Amino acid sequence: MATDWYIWIPDGRTLYCYGGSSPHFNDYNQALCTSWGPKVIAWPHPGNVVHASVSSSSALFVTDDKKVYGTGSNQFGQLGFEACTIETIGKSFHEIVIPTADRIVQIESSFASFVVTEAGDVYSCGSLCGRPFGNPSAPLWRMCLIDRTVFGNVPVKSVSAGCCVSTFLTEDGAVYVIGTASNAEANGITGGVVASQSPAKLACLWDEGVRVTMISSGRLHSIAVGILVATGEQVVYGWGGNRGGALGEDFRKQQDILQPTLLRNVMAKLRDGGTHDEVVHVSCGWYHSLLTTRSGRVLSLGAVALYGQLGRPAPTADPLPDNLKVDYCQYMILNRPVREVY
């Protein structure tokens, strides 16, 4: 999930950390950031860092020797400790034991931590980790396997960990969601299905003939990009909180989208001027979303742009009309095509 800080890892042994200068953030992440940065950190463990995932208060790292490390807030047990015994691991990088020898292909950090292996298994710990509560042999703070039967015995391709919602994409193009019950009813973050403990399938997308190829979840919203089986056309769906126009709709008229809905403004922009551009990567933040297209451009969605995260100039008068538009970022580094955004 896009946050207010990020990490650049050029060589696997050095971390460049930017952002997160608030006192609340620094209490959790003393190992990483104390100012807007960069703060340069020499990786203290064996193995080279090959992937990292950051959330608003914690971070995960996976190394080429198949180990996972975490730092930051352990408020919900997301770093592999019981929350009541250790609430923060802010000064060090703690190894989180993953009970598998399989190669790790993805890690995701939020109020829960997720690890996806090459075989399509998902391990998790923390709040909303997709496993039933009250199991003394596998408490939520311990990194354990999510039973594959939850996903119809189909391997998981990827996971996106949002703030109050997480989404799982299986190899056959189905989407499963989990979210907090109170918020799910308020703004449809789980797409209209009940998913308070275990992931639930978004059957409506599957029934409409959409086979999803990529997903992303933000604070209260999610976006799924897939293929319509009947026509082979790429389609973009979204659901959840549309506050700030994070789903590309006018939030003054529709703050919440309770069911997965075709994002017509996004589709229209991809077809603008007779072109037929396609989305190759999607990233959802708190109140905005970014979609990278095959042509190398970045579509930004949202009207909340306090820190320039939409990549467009803020209008000087009424900030709503211009920013409500689904539009391309104007601030592109070196004017080169972009492959991915986070």
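Model, not experiment: these values are computed from the prediction.
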Is it true that E118 and K66 have a side-chain N and a carboxylate O under 4.0 angstrom from each other?
no
Shortest non-hydrogen separation from G77 to C125 and the atoms involved
O-SG, 3.7 Å
Aromatic rings F93 and H45: how do their planes relate, parallel, tilted or perpendicular, breaks at 30° and 60°?
perpendicular
So which heavy atom on L291 is nearest to which on V266, and how close?
CD2-CG1, 4.4 Å
Can you find a heavy atom in the side chain of P260 that is under 4.5 Å from one in the side chain of L202?
yes
For S295 against D277, the heavy-atom pair lying closest together
OG-OD2, 2.6 Å
Contact check, side chains of L262 and M267, non-hydrogen atoms, under 4.5 Å:
yes
Is it true that I227 and Y237 fall in one hydrophobic cluster, defined by side-chain heavy atoms closer than 4.5 Å?
no
Indicate the ring-plane relationship of F61 and W43, choosing parallel, tilted or perpendicular according to the 30° and 60° boundaries.
tilted
I'd like to know if the side chain of H221 pairs up with that of S289 as donor and acceptor (distance under 3.5 Å, no hydrogens or angles considered).
yes
Could you tell me if the side chain of V210 sits less than 4.5 Å from the side chain of V235, heavy atoms only?
yes
Tell me yes or no: between the side chains of S109 and S58, is some donor less than 3.5 Å from an acceptor?
yes
On the 0 to 90° scale, with breaks at 30° and 60°, tag the F114-F168 ring pair as parallel, tilted or perpendicular.
perpendicular
If I compare all heavy atoms of A224 with all of W239, which pair ends up nearest, and what's the gap?
CB-CZ3, 3.9 Å
Is there a side-chain contact between K201 and F151, using heavy atoms and a 4.5 Å cut-off?
no
Can you establish whether the number of heavy atoms outside R264 located under 6.0 Å from its atom CZ is more than 12?
no
T100: what forms a side chain to side chain contact (heavy atoms under 4.5 Å, CB included) with it, not counting sequence neighbours?
I98, D102, T117, Y123
Donor-acceptor check, side chain of T71 to backbone of S92, threshold 3.5 angstrom: yes or no?
yes
When you measure from the side chain of N48 to the backbone of D64, do you find a donor-acceptor pair of N or O atoms at a distance under 3.5 Å?
no
Strictly below 4.0 Å, N to O, side chains only: are R294 and E278 in salt-bridge contact?
yes
Identify the two heavy atoms, one from D256 and one from G241, that lie closest to each other, and give their separation to 0.1 Å.
OD1-CA, 3.6 Å
Quick one: do the S222 and T167 side chains pair a donor with an acceptor below 3.5 Å?
no
Determine whether V159 and Q106 make a side-chain contact, defined as any pair of heavy atoms from C-beta on separated by less than 4.5 Å.
yes
If the threshold is 4.0 Å, N to carboxylate O, is there a salt bridge linking D121 and R148?
yes
